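Below: one structure, written as structure tokens.
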Amino acid sequence: MLETIRWLSDEECLELLDQTKLPIEVVYIKCFDHHQVAYAIKGMAVRGAPAIGAAAAYGLVLAAGQIMSHTKEEFLAQLEMAARELAATRPTAVNLSWALTLLLQKVHSSPAGAPTVLKGLLLEEAHTIFKEDILGNRKIGQYGQELVPQNGNILTHCNAGALATAGYGTALGVVRAAHAAGKNISVYAGETRPLLQGARLTTLELVQENIPVTLITDNMAGFLMAKKKVDLVIVGADRIASNGDVANKIGTYGLAVMAKMHNIPFYVAAPFSTVDLGLKNGSEIPIEERDQREVTHHGGHLLTPTGIKVWNPAFDVTPHNLITAIVTDRGIVQTPYSENLREM
Ligand code: MRU
């Protein structure tokens, strides 16, 4: 399994697997300051909600290492500035601000005042976020695999695997756990235009694990369902509102509508840190819009007439009534989501 994020303690730097180059090249980027981490998140060298949360946490550790102040007040002011820069890189996944808030709270609540001590606390917290993400994903896998039939075809979208997390994955964690439990499963991976996370990353992870996978383009999913080739759909999430509405990679909503039409269970797998109880519903989730070149170009080549107008939202919102269940590291949640998520 490829490692997405590595903290190198000898060099005090963060190594990120450059996912824009996969599967052709395996290249790691070394980040020595938080500006480099912010650049890597924005440019999607590191992507996936839990992975950007963990990367941002280490980014804040790097920022702390460069703060020269001698007072806690000054230290905090500069740390908060760095956190704002990291948080602004991608607005939809709540894991990013969740991780940064945890680190800032750690420093605020510590009785220690010496910046060197505070830096140590930040690194400890970043390691905890990283390790707990992997443990949480394994729990998601265990809960989720119960929903997978002994023999079945699973459709997934984008990449919610080890590459999108600290390790193991959420939606692909469920697939991994079902495979490990001896279930006879095979996966359809939607290619996920425009950046092809499904075609480039999900297929790579599954091939490496010897889990049967078939690639489809996004516009084939409806016909695949109509042909009764899908037993369940499972996807990850970037933010879940308190009523269970889910923001995930653009195209997820369409799959959920089609799954409903064909009576196919539609599952979402995500750590509880992806749930934003502060939001009433999905309409409050900020949706990132990205550069139009992602749609008009491929591999540096223009595909369209020049100057064409483009709309490129990176995520969409799936209403909770299309979701059969949400698999979290704390257990499986079903409707009524508002009550059940809050209770959890
Ligand atoms: O734009 P990306 O590649 O960061 O989008 C990723 C997704 O939408 C994933 O499904 C989501 O972050 C969950 S990853 C466990």
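Just so you know, ligand 1 is whichever comes first in the structure, and atom 1 is the first atom listed for that ligand. Predicted, not measured: the structure shown is a model, and the values here were computed from it. Here, residue 1 is the first one in the sequence, and each next residue gets the next number.
Against a heavy-atom cut-off of under 4.0 Å, Ala160 is close to the following atoms of ligand 1: 14 (S), 15 (C). Remark: ligand 1 atoms within the under-4.0 Å shell around heavy atoms of Thr170 are 15 (C). The ligand atoms of ligand 1 that sit less than 4.0 angstrom from a heavy atom of Ala49 are 12 (O), 14 (S). Close contacts between ligand 1 and Gln197 involve ligand atoms 1 (O), 2 (P), 3 (O) [criterion: under 4.0 Å to a heavy atom]. Residue-ligand proximity, Thr165 to ligand 1, at heavy-atom distances under 4.0 Å covers atoms 15 (C).
With atom 6 (C) of ligand 1 as the reference point, the heavy atom nearest to it among Met44, Arg47, Glu288 is part of Arg47.
With Ile323 as reference, Thr318 is the one residue of Val333, Ile240, Thr318 to meet the side chain to side chain contact (heavy atoms under 4.5 Å, CB included) rule.
Electrostatic pairing of Arg200 and Glu191 does not count as a salt bridge here, judged by no charged N lying under 4.0 Å from a carboxylate O. We find that Arg193 and Asp218 are not joined by a salt bridge, their nearest charged nitrogen and carboxylate oxygen being 4.0 Å or further apart.
Contact between Ile287 and Thr92 at its shortest, heavy atoms only, is CA-OG1, 3.5 Å. Here the shortest heavy-atom pairing between Met1 and Gln208 reads CA-OE1, 4.3 Å.
When only interatomic distances are considered, the shortest N/O to N/O separation between Phe315 and ligand 1 does not fall below 3.5 Å. Checked against a 3.5 angstrom limit, the closest N/O atoms of Asn248 and ligand 1 fall inside it. Residue-to-ligand polar distances place Lys249 within reach of ligand 1: an N/O pair is separated by less than 3.5 Å. For the pair Cys158 and ligand 1, the shortest N or O to N or O distance does not fall below 3.5 Å. Every N/O-N/O distance between His157 and ligand 1 stays at or above 3.5 Å.
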Under 3.5 Å, sequence neighbours excluded: what are the donor-acceptor pairs made by side chains of residues 224-231?
unit_1, atom_1, unit_2, atom_2, d
Asp231, OD2, Asn153, N, 2.7

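The closest approach between Val235 and ligand 1 stays at or above 4.0 Å for every heavy atom of the residue. The shell of residues lying under 4.0 angstrom from ligand 1, judged by heavy atoms, includes Ala237. Distances from ligand 1 to the non-hydrogen atoms of Arg90 include at least one value under 4.0 Å.
Put simply, the side chain of Ile140 reaches to within 4.5 Å of the side chain of Pro271, judged on heavy atoms.
Evaluation of the ring pair (Phe, Tyr, Trp, His ring centres under 6.0 Å) rule for Tyr188 yields no partner, not counting sequence neighbours.
Nearest non-hydrogen protein atom to atom 14 (S) of ligand 1 is Ala164 CB, 3.4 Å. Asp238 OD1, 3.3 Å is the protein heavy atom nearest to atom 7 (C) of ligand 1.
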Please walk me through it: do Thr170 and Thr165 pass side-chain contact (heavy atoms from CB on, under 4.5 Å)?
-> CA-CA 8 Å; Thr170 57; Thr165 60; 4.2 Å; yes
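A cation-pi arrangement is present between Lys249 and Phe315, with the terminal nitrogen or guanidinium carbon under 6.0 Å from the aromatic centre and inside a 45° cone about the axis.
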